[in-house]
Amino acid sequence: QVQLVESGGGLVQAGGSLRLSCVASGRTFSNHVMGWFRQAPGKEREFVAAIHWLSRSTNYAASVKGRFTISRDNANTVDLQMNSLKPEDTAVYYCAAGWVLTTTGRQYEYWGQGTQVTVSS
């Protein structure tokens, strides 16, 4: 079993920055993918970014490309640096772990509880 715990959410003004972190614990593996998804009130969950742990290949949603950066450390943490935040980025952000570098949420096996990001205009 894998546990994912997100942190770093909060309230920020438009144009500001936040850095989210996700720490994985439990079962250890190396050939996996870590991703970030978000869900705004009344909307479906959507893909934000993902990174392959070994190759460090990344994928971003068009809406965040150039503003958000996903990275991982050498242990068990994946970060999401969010710059130039917009009110439409307001959502609960979820960390997820899986085996395929994909934008499809159902292909991720493990999920965190989420952290709230609120961007005021």
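Only a predicted model underlies this, so the values are computations on that prediction, with no experimental measurement involved.
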Considering non-hydrogen atoms only, spot the tightest contact between [X] and [Y] and give its length.
X	Y	value
Cys95	Val78	SG-CG1, 4.1 Å
Asn83	Ser17	OD1-OG, 2.9 Å
Ser84	Arg67	O-NH1, 2.9 Å

With rounding to the nearest 0.5 Å, note down the distance linking [atom1] in [X] to [atom2] in [Y].
X	Y	atom1	atom2	result
Leu18	Asp89	CG	CG	10.0 Å
Ser21	Arg72	OG	CZ	14.5 Å
Phe68	Thr58	CZ	OG1	14.5 Å
Thr90	Lys43	OG1	NZ	10.0 Å
Gln107	Thr102	CD	OG1	4.0 Å
Lys86	Ser121	NZ	OG	14.0 Å

Summary of ring pair (Phe, Tyr, Trp, His ring centres under 6.0 Å) pairs that have at least one residue in residues 35-54, sequence neighbours excluded:
His32-Trp53, Phe37-Phe47, Phe37-Tyr108, Phe37-Trp111
Do the side chains of [X] and [Y] join up, straight or via other hydrophobic residues, at under 4.5 Å, putting them in one cluster?
X	Y	value
Val12	Tyr93	yes
Val2	Ile51	yes
Val33	Leu4	no
Met34	Val5	no

Partners meeting side chain to side chain donor-acceptor pair (under 3.5 Å) with Thr118 (sequence neighbours left out)
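If we apply the side chain to side chain donor-acceptor pair (under 3.5 Å) test to Thr118, skipping adjacent residues, the hits are Gln116.
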Quick one: do Tyr60 and Thr69 satisfy side chain to side chain contact (heavy atoms under 4.5 Å, CB included)? Show the steps, please.
CA-CA 8 Å; Tyr60 294 91; Thr69 302; 3.8 Å; yes
Donor-acceptor pair, distance only, cut-off 3.5 Å: does the side chain of Glu6 make one with the backbone of Gly114?
yes
Results of salt bridge (charged side-chain N to carboxylate O under 4.0 Å, His left out) for Glu88 - residues two or more places apart only:
none
Salt bridge (charged side-chain N to carboxylate O under 4.0 Å, His left out) against Asp79, all qualifying residues, sequence neighbours excluded:
Arg19
Checking Gln39 now: which residues fulfil side-chain contact (heavy atoms from CB on, under 4.5 Å) with it, not counting sequence neighbours?
Arg45, Tyr94
Report the residues that fulfil side-chain contact (heavy atoms from CB on, under 4.5 Å) with Gln1, sequence neighbours left out, ordered by chain and then residue number.
Gln3, Tyr110
Please tell me if the side chains of Val117 and Met82 come closer than 4.5 Å, counting only heavy atoms from C-beta onward.
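In contact.
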Test item: Glu46 and Arg38 side chains (from C-beta on) under 4.5 Å apart, heavy atoms
yes
